[in-house]
Amino acid sequence: WSINSLRLAMDARAQDDSIRLVGSEIAALRTANEVVNADYNQWDVAFARISAQDLVWIGENYSFAVTLETSFDRLAVFDGPYAAPMTWGSGAGYMPDGEHVGKAAIEAARNWLRRNAAEDRSTVLSFNAIENGLPVIYSASFIIPHTNALAMPERIDDLPISMMGRTLSQDRLGHISDVLSVSDLEFTTGDVGSRPHWTLEGIDGSHLGHLVWTPPRPGTDLVKALMPLLTMVILGCMGLAGVIIFLTRRMAVKLVNQEAQAATLARTDTLTGLPNRLAFNEFLVDQEKSGRHALAVLFIDIDDFKRINDEAGHAGGDDVVLALAQRLSTLRQDDLFLARIGGDEFVAVYSATGDLNDKAGALAETIAAQMQTPFAVGTVRFEVSVSQGLAVRNDLTVDRVELVRRANAAMYQAKRDGRGHWRSYDGRMARAAQEDRKIEAALRRDIEAKTGFAVYYQPLVSAKTERVVRAEALVRWTPVDLGP
């Protein structure tokens with residue numbers, strides 16, 4: 001290649017990589033928004049308190065997160081018992097104040113949910129909007145109970161709605177720039193020219209504007225660095241041509257490697273070296289784009305990890321996580337993707353053809369067998385088990401978000417069954433989880449009301465004297481709505 005061809009090729013590759021990275025980051029923010037929204041809004045206590053217009057509780061639980069900007073910086077609660085929307089924004093107090101979420105965004109979310117979430121009221125909407133000239137990623141859903149302990153209104157118009165938003169402020173865009181190794185990342189509604197960009201669309205598919213940035217230009221930087229040497233060539237120092245070509249190639253390889261390393265680091269867990277949550281999300285998207293719809297997702301979670309941290313400290317906990325990652329890595333295959341997606345959470349994804357249930361089930365059994373060997377942390381040996389949840393899809397009737405949710409639900413079912421097990425998702429798990437939450441809600445209610453409990457005494461008789469020597473006190477609970 002000529003120097004100019006090399007420059008153009010390196011710059012073009014860096015630009016394409018930057019577009020993919022920015023798009024993946026925005027997709028990850030949307031997914032995080034959806035998860036947080038579902039976690040807050042599908043909750044018995046939230047449904048009861050918000051339906052009762054308990055502003056103090058809302059302030060302590062919802063707007064508190066806005067104040068700290070932990071998960072979102074804009075919040076709106078509306079409909080249901082509320083005659084007018086209440087909104088909170090970053091820097092405001094615990095009580096609703098001002099119009100931090102625009103009327104247009106609220107109306108769009110309301111209409112979409114009433115039109116599309118009538119069948120499944122747990123549906124979460126994610127969309128982009130413009131507030132005060134800044135792009136905001138919103139998530140919205142009905143506030144509903146997660147058990148059958150509380151009755152929902154028959155009409156969806158009577159359900160309250162919560163919207164949560166993350167503003168793509170210049171500070172947040174600056175942080176994304178640093179993570180992705182791009183510069184001048186900003187939002188514009190104007191002409192993007194030749195700059196790389198990512199289009200933000202509204203809830204109706206309209207173009208709201210673009211994120212634009214300056215990508216790395218490793219090829220151009222290379223030519224600039226070599227310009228003194230190239231000048232020498234032009235001036236006739238032909239004897240140095242071979243050396244210059246060698247240096248050119250070496251510097252080109254170095255810059256290409258640096259770009260590849262930056263992209264890899266953004267998708268790599270720093271402790272274990274495995275792919276991270278961003279890489280996991282990208283992998284699922286790539287599978288759908290490439291037409292590989294059949295997937296088996298296996299969630300792997302360390303049981304009682306808090307005990308390990310308490311006894312060995314967080315450094316010891318990290319040692320166990322690293323050791324588990326190393327054991328899992330021995331199971332790698334061409335059609336198996338492994339990632340660490342949280343503190344003590346791992347995921348394995350099969351994208352092969354054939355019977356995915358059998359392949360993933362065999363993998364879960366192998367992982368369980370690996371746990372028979374204790375984990376050494378310094379001079380202490382820990383008996384460690386993992387709970388695993390498996391979800392399989394054979395087509396796109398189950399989207400990637402639902403597939404991950406099912407694997408997660410199966411993993412928690414494995415924990416309920418005694419830990420150290422693996423379970424495959426089926427529809428009964430959702431019903432069982434609802435029943436468990438119903439029982440828990442009824443128990444908490446009766447404990448607070450001090451009703452439904454009776455004490456029975458079981459005498460203990462000495463076999464030697466045949467006399468009652470003591471008695472056991474047994475508490476029995478008979479909830480009025482669940483039966484004995």
Side-chain angles (χ1 to χ4, degrees), residues 21-43 46 50 58 61-78 85-90 100-102 104-113 116-117 120-132 134-144 146 160-173 175-176 179-180 185 187 198-205 208-209 211 276-282 284-285 341-342 399-405 408:
L21 283 169
V22 171
S24 296
E25 183 67 20
I26 297 302
L29 287 175
R30 288 173 65 99
T31 299
N33 256 24
E34 293 170 3
V35 171
V36 170
N37 187 281
D39 187 51
Y40 271 80
N41 288 356
Q42 297 172 30
W43 183 17
I50 291 176
I58 296 174
N61 291 272
Y62 275 61
S63 60
F64 175 76
V66 176
T67 303
L68 296 181
E69 297 188 37
T70 53
S71 299
F72 44 90
D73 53 60
R74 297 174 188 267
L75 170 68
V77 175
F78 54 95
M86 300 184 300
T87 68
W88 292 260
S90 175
H100 300 283
V101 180
I106 289 175
E107 186 65 20
R110 172 191 291 126
N111 292 338
W112 191 96
L113 288 171
N116 296 284
D120 182 1
R121 297 184 178 186
S122 64
T123 300
V124 178
L125 162 68
S126 181
F127 69 102
N128 305 311
I130 302 296
E131 303 285 8
N132 301 319
L134 294 174
V136 180
I137 300 175
Y138 278 120
S139 60
S141 67
F142 291 118
I143 301 170
I144 59 175
H146 67 281
I161 296 172
S162 166
M163 278 178 62
M164 302 165 182
R166 291 177 189 243
T167 305
L168 296 181
S169 63
Q170 199 54 53
D171 285 344
R172 178 163 278 143
L173 293 178
H175 173 71
I176 295 174
V179 171
L180 303 184
L185 179 62
F187 175 73
W198 186 266
T199 302
L200 297 179
E201 296 183 346
I203 194 171
D204 58 356
L208 302 178
L211 294 177
N276 59 16
R277 182 179 289 273
L278 173 60
F280 170 56
N281 289 333
E282 287 185 346
L284 294 180
V285 172
I341 59 173
D399 64 27
R400 60 182 182 275
V401 174
E402 174 63 14
L403 183 66
V404 169
R405 187 197 70 78
N408 197 45

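Below, each value reflects all heavy atoms present in this structure, side chains not excepted, and no hydrogens, waters or symmetry copies.
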Enquirer: So which heavy atom on Val77 is nearest to which on Trp88, and how close?
Expert: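 So the two residues come closest at CG2-CZ3, 3.9 Å.
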Enquirer: Hey, does the side chain of Tyr62 reach the backbone of Tyr40 with a donor-acceptor pair shorter than 3.5 angstrom?
Expert: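 Checked: pair present.
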Enquirer: Do Val101 and Glu131 touch side chain to side chain, with heavy atoms closer than 4.5 Å?
Expert: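 With C-beta onward as the side chain, the pair touches.
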Enquirer: Nearest 0.5 Å, what's the CZ-CG distance between Phe142 and Leu125?
Expert: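 Taking CZ in Phe142 and CG in Leu125, the distance rounds to 10.5 Å.
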Enquirer: Looking at Ser122, is its backbone amide N or carbonyl O close enough to the side chain of Gln42 to form a donor-acceptor pair, meaning the two atoms are under 3.5 Å apart?
Expert: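 Judged by distance alone, yes, a pair lies under 3.5 Å.
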Enquirer: Specify the closest pair of heavy atoms between Tyr138 and Ala105, including all atoms of both residues, with the distance to one decimal.
Expert: CE1-CB, 4.0 Å
Enquirer: Take Thr87 and Arg74 through the test side chain to side chain contact (heavy atoms under 4.5 Å, CB included) and record every step on the way to the result.
Expert: CA-CA 7 Å; Thr87 68; Arg74 297 174 188 267; over 6 Å; no
Enquirer: Would you say Leu29 and Leu168 make side-chain contact, with heavy atoms under 4.5 Å?
Expert: yes
Enquirer: Any chance you could measure Arg121, atom CZ, to Ile143, atom CD1, to the nearest 0.5 Å?
Expert: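 One gets 13.5 Å once the value is rounded to the nearest 0.5 Å.
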Enquirer: Go through the steps for Val285 and Arg400 under the test side chain to side chain contact (heavy atoms under 4.5 Å, CB included), then give the verdict.
Expert: CA-CA 8 Å; Val285 172; Arg400 60 182 182 275; 3.5 Å; yes
Enquirer: Working to the nearest 0.5 Å, report the span between CG of Asn132 and OG of Ser169.
Expert: 12.5 Å
Enquirer: Rounded to the nearest 0.5 Å, what's the gap from CG on Leu284 to OG1 on Thr31? Could you check?
Expert: 9.5 Å
Enquirer: When rounded to the nearest 0.5 angstrom, what distance separates CZ in Arg30 from CG in Asn281?
Expert: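 Taking CZ in Arg30 and CG in Asn281, the distance rounds to 13.0 Å.
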Enquirer: Report yes or no: does Glu34 contribute a side-chain atom to a donor-acceptor pair with the main-chain N or O of Ser139 at less than 3.5 Å?
Expert: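 Absent.
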Enquirer: Compile the donor-acceptor pairs under 3.5 Å between side chains in residues 198-205 and protein atoms, sequence neighbours left out, one pair per line.
Expert:
{"from": "Thr199", "atom 1": "OG1", "to": "His210", "atom 2": "ND1", "distance (Å)": "3.0"}
{"from": "Asp204", "atom 1": "OD1", "to": "Ser206", "atom 2": "N", "distance (Å)": "3.1"}
{"from": "Asp204", "atom 1": "OD1", "to": "Ser206", "atom 2": "OG", "distance (Å)": "2.7"}

Enquirer: Measure the spacing between OG1 of Thr123 and CG of Asn116 and express it to the nearest 0.5 Å.
Expert: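 Taking OG1 in Thr123 and CG in Asn116, the distance rounds to 8.0 Å.
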Enquirer: On a heavy-atom basis, which atom in Ser162 and which in Leu75 lie closest, and how many Å separate them?
Expert: OG-CD1, 3.7 Å
Enquirer: Side chains of Ser24 and Leu278: does their closest heavy-atom pair fall under 4.5 Å?
Expert: yes
Enquirer: Could you tell me which non-hydrogen atom of Ile106 sits nearest to which non-hydrogen atom of Pro85, and how far apart they are?
Expert: CD1-CB, 3.7 Å
Enquirer: Return the minimal non-hydrogen interatomic distance between Ser141 and Asn41, and the atom names on each side.
Expert: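 Here Ser141 and Asn41 meet closest at OG-ND2, 2.9 Å.
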Enquirer: Take Thr167 and Asp73 through the side-chain hydrogen bond (donor to acceptor under 3.5 Å, both in side chains) test and state the conclusion after the steps.
Expert: CA-CA 7 Å; Thr167 305; Asp73 53 60; 2.7 Å; yes
Enquirer: Does any N or O in the side chain of Asn111 come within less than 3.5 Å of the main-chain N or O of Glu107, such that one atom is a donor and the other an acceptor?
Expert: yes
